[in-house]
Amino acid sequence: MRLLISIAITILRAKLKQSIVAAVGVMFSITMFVTLLGFMNGLNDLLDGLILNRTPHIRLYNELKASPEQPVARAWRQEHESADTTVHHFIRSVKPKSELQKLRNALGIMRTLEKDPRVLDVTPRLVAQVFFNVGTTDLNAQISGIEVEQEVRYYMFADYLVQGEARDLATGNNAVVLGKGLADMMAAKIGDVVQVTTATGDRALLRVSGIFQSGIADYDKVQCYASIRTVQELLSRPGSYLTDINVKLKDIGLAPAMARELAERFDVDALDIETANAQFETGTKVRNIISYAVGVVLLVVSGFGIYNILNMLIYEKLDSIAILKATGFSGGDVRRIFLALSMVIGAVGAAGGLLFGFVMQHIIDNIPFVTQALPTVRTFPIDYDPKFYLIAVTFALLTTWIAGWFPARKAAEVDPVEIIRGK
Amino acid sequence: MNIPNAIEVVKVNKSFHDPVTVPVLKDVSLEVKRGEFVSVTGKSGCGKSTLLYILSTMDTDYTGEVRIDGESTAGADKGRLAEIRNEKIGFVFQFHYLLPEFSVLRNVMLPGLKLGRKSAAEVEADAMDRLRQLDMTDQALKMANQLSGGQKQRVAIARALINDPLIIMGDEPTGNLDKKNSEIVFGIFDRIATEHKRSLLIVTHDVDFAARTHRNIEMEDGRVLR
C-alpha cells in the first residue's frame, strides 16, 4: 500500500497544477463550510441567547383570572355531594382577588425544588406594576424584584448593564436599575433619585444605580429592576410575598414535561421555555438546515471537480496504467492508486480548508459589529465549535472518496492489451 | 524431478467478435524450453502479437490451455495473473512505455517493489546492477522522458529483468530502433539467454533478427507453420 501511495503522489507531483486546482476546490468548499457554519451558529447562539439566556426554563406563577368555578356553585356541589358542575350559576360575577397574584407557600415550593436533582437553580421574583412620576407625567413601568447574585449567575443580568454595577443594586437600599428607554424618557442618570407610585397609591423614592439595555426596545422602555426586599417594602408586603419562581434545569429538554408536573403538584401556572419561545427553536432549525445545505452543496461541487480532474488524468495516464498492469500491478492496485490520489487531494484540501476556515472565522470574529439592539456585542459572533471542523473533514473525505471511486474503477478496468496494441 | 517448460501452449483458439466473428488463432500449440531464445515471425495480421498477449496472461479471452512454468493460466483469477506477470514474465514493447513521471531507476525498481520480496534498498541495488549490465548506470537518475529511443528500450529491458523472470517477452522490441541500437538489444537478449538461462519469446518481423535466434516460429493465418 505504501508503494501504491508513493506512486499516487509521484503522479500528483507530475500533474501539480491540476492537483492543486482540485485541492483548492476542496479547500475552498471546506473553508466556506467551516466559516459559514461557525458564523451562522454564532449568530444563532447570539439570537437565542438574547431571549433564552434570560428566560427561565420553567416559570411558576399565578395567572390573574376568574375562578373557573364560582364559589356559589362550589358550595352547592359540596352541600349536595354531587359531581355535577353543569348547574346554572346565579351569581357568576365574582372577580379575581389581587391576592391571587401571590404564589401561595412560595418559600415551601422553593425549598422543595432546591432539593430536586434535576434542578440547577431556583430564583424567586416579585413583579409589580408601578408608575414613575416625571414632572407632571406618570410613566407606566414594571418593576421586578430580583435576587441579584442569582440573576447575575444564571440569567446573565450583568451582561446587559450598560452603566453601573450589579453589586450596587444588591447592596444599596432603595436602588433601582432602569431600562435604557425608560431612563432616557426620564432623563435619569446614575445617582439620580426618581419617584415611584405603586398601584395601591403608595409613594417611594428610589435611587438610580444602573442602566440596562436588553436589545429589545419596547422592553427597555417599561422594565426596571430592584432587589426583592426593596420591592417588598415598596408594596408593603412581607418577605414571603413572591409572584414568580424561575427554575433553571440541568437539562433544558426536560422543561415541558416538568412544567406540567410542577403545575399539577403545586397548583400554580407553569410555563416552560419551549412553549414560550417556540419561534426561536424553529428559526434556529431553519437557519441550521440552510447553512448545512449550502455547505454540503459546496462539498459536492468540489467532489465533481475532483471527479472531472481525475477522469482527465486517467485518460492522460492510460499508457502508464497499461504498463503498470503489464508489469504485474493488478486492477485492484490501479484502483487503489487512483483512489489514494483522490484521497490525497481531499486530505490536503481539507487540511488547507480547516486552516483557512479558522483564519476566516478569526477575521469575521474581529470585524466590528456594534448595534443598539445588542449592547454586549462588539464584533460579529462566531461559534468555534470543533464539531463543524469534524463534519467538514468527514464530508470532504467522503465526497473525495466517492468522486475518486468511479474514475478509479474505470482505471482498474483498463485493458492493457488494447492500449499497448492500439499504438 | 521434471522441470516444466517455461511456456506450454496446447490448442489455443481465439476469435475477434467485433463486428463479425473472425478467427485469429487456430489450434496453436507450441512450447518454449528454459534458456531458449525463440522468435516468432509472420505477416501482419497473422496473429503473432495476439498469441503473445495471450501468453502474457493479459488477454484471457481464448480457449485452450496455456501453462506458464507448469501453472495453467486459463482458470486463474486476475489477481493471480498479475502476480504471475510480476514474478515470471518480463516485457519489452515496441514503444518503450516507461512511466514519464518517474526517474529511470524508479522505473526499473517498480516491478521489484511490487513483488515485495526484497527491501527497497535491495531492489535499488538490483536495479543498479541491471542498469550496469545494460551500460546505463550514468542515466539512472534522469527522468524517463529525457532519454533517447535506444536508451529507453534498454531501460525497459532492465525493468523486464528486475525480478529475474523466467521468460522475457518482446513485441517488436527492435521495431522502432535503428540498426545500431537493434544490434545492442539483440546482444543483450542473446546474453540473457546464454548466460542467465532465461527463456525469450520475441515477436518480430526483422528477418535477420529472427534468423540469429535459437529457434524461429513462423506463423500464417493464425496457424503455426513451423
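Proteins get letters first, then strands, A, B, ... in listed order; numbering begins at 1 in each. In this text the structure is predicted, and so the values were computed from the model without any measurement.
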Proximity breakdown for [X] and chain A, heavy-atom pairs closer than 4.5 Å:
{"X": "B/Ser56", "answer": "neither"}
{"X": "B/Thr57", "answer": "neither"}
{"X": "B/Arg106", "answer": "side chain"}

Subject >> Contact leader toward chain B among A/Ser320, A/Pro416, A/Ala326, A/Ala14, where contacts are heavy-atom pairs under 4.5 Å >> reply: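 When all of A/Ser320, A/Pro416, A/Ala326, A/Ala14 are compared, A/Ala326 has the most.
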
Original post:
Between A/Phe395 and A/Tyr292, is the gap from one ring center to the other below 6.0 Å?
Top reply: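 Ring centroids of A/Phe395 and A/Tyr292 are no less than 6.0 Å from each other.
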
**OP:** May I ask you to check whether B/Phe93 and B/Phe91 place their ring centres under 6.0 Å from each other?
**Re:**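 Yes: the rings meet the under 6.0 Å criterion.
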
**OP:** Hey, can you tell me if B/Phe209 and B/Phe189 have their rings parallel, tilted or perpendicular (30° and 60° cut-offs)?
**Re:**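 Taking B/Phe189 first and then B/Phe209, their aromatic rings stand perpendicular (interplane angle over 60°).
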
Subject >> Nearest non-hydrogen partners of B/Ile184 and B/Arg154, listed with the distance >> reply: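 Smallest heavy-atom distance, with atoms named: CG2-CD, 4.0 Å.
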
**OP:** Scan side-chain atoms only and decide if B/Lys142 and B/Gln139 contain a donor-acceptor pair under the 3.5 Å cut-off.
**Re:**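 There is such a pair (donor and acceptor under 3.5 Å, judged by atom type) between the side chains of B/Lys142 and B/Gln139.
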
Original post:
Can you say whether A/Lys317 sits under 4.5 Å from chain B via the side chain, the backbone, both, or neither, judging by heavy atoms?
Top reply: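 When you check distances to chain B, only side chain atoms of A/Lys317 fall under 4.5 Å.
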
Subject >> Contacting region of A/Leu4 [heavy-atom separation from chain B under 4.5 Å] >> reply: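 Answer is neither: A/Leu4 stays 4.5 Å or more from chain B.
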
